[in-house]
Amino acid sequence: MTAHSANAFFAFFTLFLLSCSNNQGSKHIIPEVGRIVSESIGNELIPGAVVLIASGDEILHHEAYGHAKLMDAQEGRLDGPEKMTTGHLFDLASLTKVLATTYGIMILEDQRKISVDDPISLYIPDFATKEKESITIRHLLSHTSGLMQWFPTYYVASDKFESLSFLADKSLDNPIGESRNYSDHGFMLLGNLIETVSETTLDQFLDEHLYQPLNLKHTTFNPSVSSFLDIASTSHGNPFEKRMVYDDDFGYQVDVDPGSWNGWRSHTLRGEVSDANAFHTYKGVAGHAGLFSTASDIHRLLLALLDNRSAVVSDSTIAKFTTPDRFGHGLGWMMEPISLNSPDLPSGSFGHTGFTGTNILVIPKTEEIIIVLTNRQNLNVLENGQYPNLREMRKQIISTVLDR
């Protein structure tokens with residue numbers, strides 16, 4: 001071997017070791033996953049991503065791609081964008097519904113402080129009305145409560161208590177239990193329930209009973225940018241939600257005077273929850289959105305839901321929450337294959353998606369776990385007001401894992 005070739009070899013070997021170190025001990029890399037994500041970045045669907053794929057405890061793939069901050073609200077595309085790492089925290093959006101709120105309800109069920117078939121009015125008397133008294137915790141978890149899908153609570157409420165009163169007074173959109181209609185407000189209410197029963201705040205309860213016992217160091221609401229230096233940037237204000245309010249043809253009929261409130265953010269969000277209801281009304285700690293975490297911490301949270309692995313929830317409770325109902329979903333958890341972006345999933349698989357560009361999937365039959373975290377909102381909305389659709393990217397990644 002010549003001196004030149006030896007130097008080249010050792011340079012390559014050093015880069016290889018650094019790559020392994022940066023990816024926190026990945027034993028294997030799945031090249032096709034990298035191709036799929038890199039292609040999505042090239043097609044400007046996402047600025048960056050972290051993907052973690054595991055078989056039980058064994059990490060098969062843990063890689064960072066692209067940029068954690070590519071664009072700024074004032075400057076546009078940055079000359080020196082921030083590189084994504086596997087240690088970046090992400091705004092999980094609706095993954096909060098399962099990795100925070102559903103988990104919290106599971107813990108309270110295990111502690112026998114509640115039953116999922118209890119009426120919500122047993123704990124929150126504002127719902128003891130003729131129209132709402134039969135709404136149960138199960139109805140809220142399964143999105144069959146009849147509550148409206150979405151409303152900009154910051155137009156009518158300054159805090160979570162006023163929001164709760166508003167929701168209690170608001171008429172139902174659908175008959176209780178008859179149809180599944182995805183509702184953020186149902187999970188806001190579940191967050192209120194956890195606080196009422198536990199007599200502490202949602203974030204404090206989860207930290208004590210879930211995140212600390214699992215030794216999670218990077219899972220939190222309202223992450224301080226001084227404590228967590230690596231946080232992926234998301235939206236530039238709330239252009240999508242603003243259009244939901246202002247444009248009746250956008251698909252949301254909102255009965256408010258759009259100009260009666262003007263607290264819209266315009267800066268690029270980093271460490272602030274993107275969801276405006278969670279930010280303005282719930283001060284960053286809500287049952288439907290607000291949780292931040294890393295792929296590594298999420299892996300531990302999902303690993304604890306596999307048989308005989310949980311130190312925080314019993315296997316019988318996990319089974320109850322991951323048994324499909326007549327709509328094909330579990331309690332809190334999505335289980336219907338199309339909703340999980342794959343028609344070929346083994347039965348019993350469960351997961352969730354998040355509006356910021358996040359998704360998780362657990363396949364109990366094979367103990368495979370798929371975590372895809374992106375910051376798609378940092379590219380801003382398309383001309384039609386939507387953010388880029390990641391369904392095909394998710395489907396391809398899942399198919400690659402299933403076929404490997």
Side-chain angles (χ1 to χ4, degrees), residues 89-108 113-114 120 123-124 126 137 140-141 147 150-168 183-214 216-228 231-232 234-235 238 241 263 265 269-294 297-298 301 312 332 352 354-356 358 373 377:
L89 275 71
F90 285 78
D91 178 345
L92 300 184
S94 283
L95 298 193
T96 303
K97 291 182 173 74
V98 288
L99 298 181
T101 307
T102 298
Y103 239 129
I105 297 294
M106 293 168 78
I107 291 168
L108 290 175
K113 293 183 177 179
I114 63 169
I120 191 71
Y123 308 98
I124 303 178
D126 285 358
I137 297 171
L140 297 173
L141 287 165
L147 291 173
W150 182 84
F151 186 90
T153 58
Y154 36 91
Y155 271 81
V156 296
S158 61
D159 58 33
K160 61 187 176 184
F161 304 107
E162 291 184 1
S163 177
L164 181 63
S165 296
F166 166 76
L167 194 60
S183 171
D184 275 359
H185 295 284
F187 273 77
M188 294 178 200
L189 185 53
L190 287 169
N192 292 125
L193 169 70
I194 291 171
E195 294 190 334
T196 299
V197 174
S198 68
E199 298 183 332
T200 188
T201 61
L202 177 63
D203 54 341
Q204 290 173 339
F205 174 79
L206 292 167
D207 197 49
E208 179 182 351
H209 294 277
L210 181 59
Y211 305 143
Q212 286 188 28
L214 292 179
L216 305 186
K217 304 295 187 183
H218 302 93
T219 302
T220 186
F221 293 84
N222 288 324
S224 166
V225 294
S226 60
S227 300
F228 298 97
I231 306 175
T234 56
S235 58
N238 289 111
E241 287 193 37
R265 294 173 286 179
L269 307 183
R270 178 176 176 269
E272 288 182 26
V273 58
S274 176
D275 183 276
N277 277 325
F279 179 78
H280 292 293
T281 309
Y282 287 82
K283 315 311 177 194
V285 183
H288 70 295
L291 192 66
F292 287 71
S293 191
T294 62
D297 271 15
I298 294 172
L301 277 164
V312 290
H352 214 281
F355 187 72
T356 48
T358 58
L373 307 178
Q377 289 181 307

Q: Mind running side-chain contact (heavy atoms from CB on, under 4.5 Å) on Asp275 and Asp91 for me, showing each step along the way?
A: CA-CA 9 Å; Asp275 183 276; Asp91 178 345; over 6 Å; no
Taking only residues two or more places apart in sequence or in another chain, which ones pass side chain to side chain contact (heavy atoms under 4.5 Å, CB included) with [X]?
X      : result
His218 : Leu89, Phe228, Thr294, Asp297
Phe161 : Asp159
Ser94  : Lys97, Tyr182, Asp184, His352
Ala286 : Ala278, Tyr282, His288

Does the side chain of [Y] come within less than 4.5 Å of [X]'s, by heavy atoms?
X      : Y      : value
Ile105 : Leu193 : yes
Ile120 : Leu140 : yes
Leu206 : Ile194 : no

Q: Scan for salt bridge (Lys or Arg N to Asp or Glu O under 4.0 Å) pairs involving residues 187-198, sequence neighbours excluded, and state none if there are none.
A: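 Of all non-adjacent pairs touching residues 187-198, those that pass salt bridge (Lys or Arg N to Asp or Glu O under 4.0 Å) are Lys160-Glu195.
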Where is the tightest heavy-atom contact between [X] and [Y], given as atom of each residue plus distance?
X      : Y      : result
Asn222 : Gly284 : OD1-CA, 3.4 Å
Leu189 : Leu167 : CB-CD2, 4.3 Å
Gly290 : Thr96  : N-OG1, 3.3 Å
Trp150 : Pro152 : CZ3-CD, 3.6 Å
Val98  : Gly332 : CG1-O, 3.4 Å

If you measure from [atom1] on [X] to [atom2] on [Y], what distance do you get to the nearest 0.5 Å?
X      : Y      : atom1 : atom2 : result
Leu269 : Phe279 : CG    : CZ    : 8.0 Å
Thr234 : Phe90  : OG1   : CZ    : 11.0 Å
Leu99  : Ile298 : CG    : CD1   : 6.0 Å
Ile124 : Asn192 : CD1   : CG    : 5.5 Å
Thr358 : Leu92  : OG1   : CG    : 5.5 Å
Phe355 : Leu95  : CZ    : CG    : 13.5 Å

Q) Among pairs that include at least one residue of residues 98-107, which meet side chain to side chain donor-acceptor pair (under 3.5 Å), considering only residues two or more places apart or in two chains? A)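 Not a single pair qualifies under side chain to side chain donor-acceptor pair (under 3.5 Å).
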Do side-chain atoms of [X] reach the backbone of [Y] as a donor and acceptor pair under 3.5 angstrom?
X      : Y      : result
Ser235 : Gln377 : no
Asp203 : Phe221 : no
Asn238 : Ser274 : yes

Please enumerate all residues that pass side-chain hydrogen bond (donor to acceptor under 3.5 Å, both in side chains) together with [X], with sequence neighbours excluded.
X      : value
Glu208 : none
Ser224 : Ser226
Thr196 : none
Tyr154 : Glu241

Q. With Phe151, which residues qualify under ring pair (Phe, Tyr, Trp, His ring centres under 6.0 Å), at least two apart?
A.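 Only Phe166 meet the ring pair (Phe, Tyr, Trp, His ring centres under 6.0 Å) criterion with Phe151.
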Q: Would you please name every residue forming a salt bridge (charged side-chain N to carboxylate O under 4.0 Å, His left out) with Arg265, sequence neighbours left out?
A: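 Glu272.
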